[in-house]
There are 2 protein chains.
Amino acid sequence: MSVALEFPASAQPADKVPLSFGLVLYPGFQALDVFGPLDALNVLSFLYPIKLYVLAETLDPVSTKSPQGLEHPGSAFSQSIVPTHTFDTAPKVDVLIVPGGVGNRPPNDVGSAIAYIRRVYPEAQYLFTVCTGSGMAAQAGVLDGKKATTNKAAFKRISGYRPQVEWVGKARWVVDGNAWTAAGVSAGIDAIFDFIKVVYGEDVASLIANFMEYERHLDPSWDPYAELHGVQ
Amino acid sequence: MSVALEFPASAQPADKVPLSFGLVLYPGFQALDVFGPLDALNVLSFLYPIKLYVLAETLDPVSTKSPQGLEHPGSAFSQSIVPTHTFDTAPKVDVLIVPGGVGNRPPNDVGSAIAYIRRVYPEAQYLFTVCTGSGMAAQAGVLDGKKATTNKAAFKRISGYRPQVEWVGKARWVVDGNAWTAAGVSAGIDAIFDFIKVVYGEDVASLIANFMEYERHLDPSWDPYAELHGVQ
């Protein structure tokens, strides 16, 4: 890649936009749920003075490996990310990012992450979830009364967590008020570009997408995976 | 996400496929260059007994932050990955993965990574590069006489490193013999699915893509970014 990013004239000025991001991590998170959106935000950090806090229960590196060892028994294939803060020491964040992953499925305990989401959501400007991350936000109660979506293969389980949420079956992503919820895994990339478009400006979103050579899905109702996974 | 992956009847058996992967990391790597392909391979690890070695010059966590601080001066926005081995202690790998990123641009020194690529390529079964990672493989001399592509915004610089490579301007990815080279950043996702299709089987590739809710680009000549960045 090359870095020759010019700040678009039409972009929102830095004093009008959210500048701090908190990423909620837990063992068994899905890598692309995190790094699709973060790659776009990493590029955004060339244009805006933004900060990322990588948050977990402790400061130990957090692995993509599923806590129950759901991988093939002969596999040893994971990546570990270093947190910058714990849920207890996290600075205030403007945008709360919650990824999905097998690690948030029972019997795994992601209670500390859910408690953190519940605690800080009222102070945050935006919530951004990917995949089954919306199930954690729902369990925190912060999606009550809102439209939201999730991973389509896990739709039945996730939507059962919290009937107070208006679950949308067929959607690449859903925006309701300050909450963006993306469908499964790669949908987080399309959703983050929608977030960037709405919050920082379309020229910023298209600049970053072209930098990443990424063809965005622009229609939030595009979702062949709902039907594929039998979601109404 | 949900995990209900059934091994496809048509898939290559585990004793016929590469099982060990080495990821070459260096400071200032591009996150999605790494985690697009790795997310698909993480899912592959549910089906096959595969191993990943995360390799760097030392065992210190490796950050996405650009070594020259090319980000906005007010930004503090990066992620750090924990290596499992150094280039000197790496076990033998079947598939060598080389991501791009601003960290491989001069005046940064990625000589130890390039030396590692040069040393182990003859023993590896496959080479897989994303974005400007092909520039590092080219500098290692292992793409000589092969067709290859790279990031389109950086095409002129990268293709100038090594005229012995047959650089292809308009391509989402290129396969020549045992070498897959992807275009910029997100192209690595399409290229890894092509790699999985060819090596493990199309049913494996489509199973994983559906799991990730990812719509693949299937045509390796699809590349609007070549024209966008003025590449012939």
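Keep in mind that the numbers below use all heavy atoms, side chains included, and drop hydrogens, waters and symmetry copies.
- Ranking B/Leu228, B/Leu38, B/Ile158 against chain A, the residue ahead of the rest is B/Leu38, based on heavy-atom pairs under 4.5 Å.
- Ranked by heavy-atom pairs shorter than 4.5 Å toward chain A, the options B/Leu44, B/Asn210, B/Val54, B/Leu47 are led by B/Asn210.
- No side-chain heavy atom of A/Met212 sits less than 4.5 Å from a side-chain heavy atom of B/Tyr225.
- If you measure heavy-atom distances from A/Ser78 to chain B, the contacts under 4.5 Å come from the backbone alone.
- Aromatic ring pairs are classed by plane angle as parallel below 30°, tilted from 30° to 60° and perpendicular above 60°; the pair A/Phe35 and B/Phe35 is parallel.
- Each of B/Pro83, B/Ser20, B/Ala76, B/Ala31 has some count of heavy-atom pairs under 4.5 Å with chain A, and the biggest count is that of B/Ala76.
- The two residues B/Pro49 and A/Ser75 make their nearest non-hydrogen contact at CA-OG, 3.5 Å.
- Expressed to the nearest 0.5 Å, how far NE2 of B/His217 lies from CD of A/Glu213 amounts to 11.0 Å.
- Atom CD1 of B/Ile189 and atom CD1 of A/Ile189 lie 4.5 Å apart (nearest 0.5 Å).
- Taking the side chain as every heavy atom from C-beta outward, B/Leu23 and A/Gln79 never approach each other to under 4.5 Å.
- Counting heavy-atom neighbours within 6.0 Å of B/Lys16 NZ, excluding the residue itself, gives a total of 12 or less.
- Sparse packing is recorded around CD of A/Glu57, with 12 or fewer heavy atoms of other residues, nucleotides or ligands lying under 6.0 Å away.
- Nearest heavy-atom pair across B/Lys51 and A/Gly74 is NZ-O, 3.0 Å.
- Contact between B/Ser186 and A/Tyr214 at its shortest, heavy atoms only, is OG-CA, 3.4 Å.
- At a 4.5 Å heavy-atom cutoff, the contact between B/Phe21 and chain A is made by side-chain atoms alone.
- Of all the listed residues (B/Asp223, B/Ile81, B/Thr64), the one sharing the greatest number of non-hydrogen pairs under 4.5 Å with chain A is B/Ile81.
- Ranked by non-hydrogen atom pairs under 4.5 Å with chain A, the options B/Ile50, B/Val82, B/Thr84, B/Thr150 are led by B/Ile50.
- Interface residue A/Leu32: backbone and side-chain heavy atoms are both found under 4.5 Å from chain B.
- Within a 6.0 Å sphere centred on CD of A/Glu227, other residues, nucleotides and ligands contribute 12 heavy atoms or fewer.
- A/Val185 and B/Phe211 make their closest contact through CG2-O, 3.9 Å (heavy atoms, listed as atom of the first residue, atom of the second, distance).
- Annotation: the span from A/Tyr53 atom OH to B/Phe77 atom CZ amounts to 10.5 Å, rounded to 0.5 Å.
- B/Lys152 touches chain A through backbone and side chain together, each having a heavy atom under 4.5 Å away.
- Contact of B/Leu19 with chain A is not made at all, since no heavy-atom distance falls under 4.5 Å.
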Does the side-chain contact (heavy atoms from CB on, under 4.5 Å) test come out yes or no for A/Phe46 and B/Glu71, once each step is laid out?
CA-CA 4 Å; A/Phe46 285 80; B/Glu71 294 88 355; 4.1 Å; yes

